[in-house]
Structures are given as C-alpha cells and as structure tokens.
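These notes are about the structure you will find just below.
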Amino acid sequence: MRVEPRARCIVLPTVEALAEDAAQRFARAAGDAVHTRGEFVVAFSGGNTPRSLYARLAAPPYASAVPWSEVVVCWGDERCVPPDDAVSNYRMARETLLDHVPIPATQVHRIRGEDDPVAAARAYEQTLRSALRTPQGPPREAPGARIDLVLLGLGDDGHTASLFPGAPVATNGDSWVAAHYVAAVSQWRVTLTPVIINAAAEVLFLVSGASKAAIVRRVLEGPLRPHELPAQLIAPADGRVLWLLDAAAARDLEGQSP
Ligand code: 6PG
C-alpha cells in the first residue's frame with residue numbers, strides 16, 4: 001500500500017542542489033514580500049545543514065539579488081551560550097551570511113543566549129511581538145504580522161528548532177517563545193513554539209544526509225506521534241510547509257528506493 005508523505009517534499013540529487021533550490025526559494029520569497037509590503041521577515045535555523053544555504057546567499061547572484069536592506073532576521077532557536085560561542089546559531093549565521101550582506105543591525109534580532117534562559121525567552125517574545133506588530137494575543141495572519149519564512153532542520157531524534165521529544169515547551173499554551181533544559185544535549189535552549197511557527201506564511205525544512213533517512217521516514221510516513229516527534233507539530237494552518245531533502249535523506253521514503 002503506497003503511503004503518501006504527510007507534507008509536500010522535493011528531493012534534490014545532492015546537498016549542493018538542495019542549497020541552490022533553497023536559495024532560489026529564499027530569494028523569491030524575499031522579493032515577493034518586499035514587493036508586496038516592503039519587508040521580509042525570516043526565521044533562521046541553526047545546526048549545520050543551513051550553512052551551505054547561508055553561504056550561497058552571501059555570494060553572487062544572491063548577494064545582490066536579495067533586497068537585504070528590507071530583510072528582518074530572527075531565529076527559530078538558540079543555544080544558551082554567548083553570541084561568540086562556537087555553537088551559537090547566531091555566530092554561525094553571522095559568519096556565513098550576515099557579515100557579508102547589508103542588513104541593518106536594527107533588523108537582526110538575535111536571541112540573547114548569554115542571558116538567563118527564561119528571561120531571554122520572555123524578552124525574545126516581546127522582540128518578536130514588536131517585529132510582528134502584535135503586542136499581545138495570538139499570532140495574526142495580517143500582512144506584516146507573521147513571519148514570512150521559517151527555516152527548519154530535523155534532528156535524528158525528530159526534534160526541530162529546539163522542540164525536543166518529550167519537552168513540555170512543544171505544546172505549552174500560547175507562548176511564542178520558550179526556554180527549557182535539554183538533557184539530550186546537556187544545554188539550555190530557547191525556541192520558537194509551534195504557536196508562532198505554524199502561523200508563518202511558509203515553512204521550509206532543509207534535511208540532508210543518509211543519517212536522517214530513518215527519521216525522515218518516521219516523521220513523514222510513520223504514525224503521528226508529535227510528543228515523540230516534535231517535527232510533526234509543524235503544520236501551518238494553510239499548509240505552506242515544504243520539505244527539501246537530498247536523495248540520501250529521502251532514500252527510505254516510499255517510492256524513493258531505487
Ligand atoms: C539547532 C537547530 C536544530 C537543527 C537540527 C538539525 O539549534 O541545532 O535549530 O533544530 O536544525 O538539530 O541539525 P543539523 O542541520 O546540524 O543536522
């Protein structure tokens with residue numbers, strides 16, 4: 001019996017092709033949003049996978065094709081470390097992209113990983129609410145009131161952003177940002193919650209490598225178990241979620257095996 005993936009997937013032959021496809025989608029989304037309302041709000045993912053995308057965006061043709069001066073950057077999650085720490089998601093994005101394109105510093109909203117995690121999460125929620133013109137209450141779908149594009153990765157345990165298996169933050173009420181200690185990585189993390197991620201105009205998962213094949217299949221074709229597989233919590237209301245996979249990460253999906 002053929003099992004349909006529960007989300008739209010595009011499989012690219014290599015990780016380089018994946019980065020190029022993602023860069024084209026990023027540039028198109030940015031151009032459309034800036035043309036429509038003069039601003040593009042993007043939530044960056046952390047980890048390693050997005051490095052190749054950020055590096056591509058920092059180089060021709062994207063370095064000049066994207067309207068960087070109208071781009072507003074936030075993060076889907078952050079490790080609770082100083083901004084110059086080797087594992088900081090902010091540092092990775094700054095080194096691979098932000099230092100190379102003309103985004104005004106006032107439009108780069110990093111999560112203050114150096115602060116007390118709970119205070120940092122509370123402060124970030126206010127920062128995000130201000131950027132999205134929604135001082136209180138649930139996310140709004142009005143233009144300018146939601147993140148235009150959320151970039152996400154997938155951990156081999158089914159986490160995304162810093163929504164880890166079994167973590168209460170994954171389903172905690174109406175907060176937009178939460179902090180929690182993640183025993184699996186022995187770190188405090190600050191993360192956007194599904195409440196605000198699922199209100200985004202578009203969500204783009206970038207997943208590459210054979211080590212992710214098994215978890216990709218569990219998340220996309222296995223039973224719905226969002227408490228165990230928080231990536232299954234990501235289901236934007238109007239369905240704008242796309243999984244960009246390289247062939248190695250997609251190899252266990254139905255219909256992908258040679
Ligand atoms: C983080 C990320 C996290 C990441 C996955 C995949 O802060 O680590 O936000 O959710 O996307 O762990 O990481 P890789 O791309 O390194 O496999």
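Just so you know, ligand 1 is whichever comes first in the structure, and atom 1 is the first atom listed for that ligand. All of these numbers come straight from a predicted model, not from anything done at the bench. Sequence positions, counted from 1, serve as the residue numbers for this chain.
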Exercise for review: If you have a sec, work out which protein heavy atom is nearest atom 8 (O) of ligand 1 and how many Å separate them, to one decimal?
Suggested key: Arg79 NH2, 2.7 Å
**Study point:** Atoms in ligand 1 flagged as close to Ser45, the criterion being non-hydrogen separation under 4.0 Å
**Key:** 11 (O)
Point to revise | Pick from Pro50, Ala161, Gly47: the one approaching atom 3 (C) of ligand 1 most closely through a non-hydrogen atom | key: Ala161
Check your understanding: Applying a strict 4.0 Å limit to heavy atoms, is Glu78 in contact with ligand 1?
Key -> no
Check your understanding: Stepwise, does the side chain to side chain donor-acceptor pair (under 3.5 Å) test hold for Arg140 with Thr134?
Key -> CA-CA 7 Å; Arg140 299 180 300 123; Thr134 307; 3.1 Å; yes
Revision key, fill the gap. Atoms of ligand 1 under 4.0 Å from any heavy atom of Arg189, numbered from 1 in the order shown, are 1 (C), 7 (O), 8 (O)
Check your understanding: If we only count N/O pairs under 3.5 Å, is Ser162 in contact with ligand 1?
Key -> no
Study note, to complete from the structure: re atom 16 (O) of ligand 1, the protein heavy-atom contact at minimum distance is Asn48 N, 2.8 Å
Review point. Does a side-chain heavy-atom distance below 4.5 Å link Ile215 with Val207?
Key: no
Check your understanding: Is there side-chain contact between Arg25 and Leu242, with at least one heavy-atom pair below 4.5 Å?
Key -> yes
Review point. Given that the side chain starts at C-beta and the backbone is N, CA, C, O, which of these parts of Leu154 lies under 4.0 Å from ligand 1, counting heavy atoms, or is it both or neither?
Key: backbone
**Study point:** Side-chain touch Val101/Val71, heavy atoms, less than 4.5 angstrom
**Key:** no
Practice item. Return yes or no for this condition: an N or O of Thr160 is under 3.5 Å from an N or O of ligand 1. Key: no
**Study point:** Nearest non-hydrogen protein atom, atom 17 (O) of ligand 1
**Key:** Lys212 NZ, 2.6 Å
Check your understanding: Would you call the rings of His180 and Phe164 parallel, tilted or perpendicular, where under 30° means parallel and over 60° means perpendicular?
Key -> tilted
Practice item. Flag yes if Trp188 and Val190 sit in one hydrophobic cluster, no otherwise; membership is Ile, Leu, Val, Met, Phe, Trp, Tyr, and two members link when side-chain heavy atoms are under 4.5 Å apart. Key: no
Check your understanding: Which residue and non-hydrogen atom of the protein lie closest to atom 11 (O) of ligand 1, and at what distance in Å?
Key -> Gly153 CA, 3.3 Å
Study note, to complete from the structure: Here the atoms of ligand 1 under 4.0 Å from any heavy atom belonging to Asn89 are 1 (C), 7 (O)
Review point. Is there a side-chain contact between Thr127 and Arg112 (heavy atoms, below 4.5 Å)?
Key: no
Review point. Can you tell me which residue and heavy atom of the protein come closest to atom 9 (O) of ligand 1, and the distance to 0.1 Å?
Key: Asp77 OD1, 2.7 Å
Check your understanding: Looking at atom 15 (O) of ligand 1, what's its closest protein heavy atom, distance included?
Key -> Thr49 OG1, 2.5 Å
Review point. Do Pro117 and Tyr181 have side chains that get closer than 4.5 Å, going by heavy atoms?
Key: no
**Study point:** Phe44/Tyr54 aromatic ring centres below 6.0 Å
**Key:** yes
Check your understanding: Only one of Thr193, Thr191, Asp77 forms a side chain to side chain donor-acceptor pair (under 3.5 Å) with Ser162, so which one is it?
Key -> Asp77
Review point. Got the closest protein heavy atom to atom 5 (C) of ligand 1, with its distance?
Key: His159 NE2, 3.5 Å
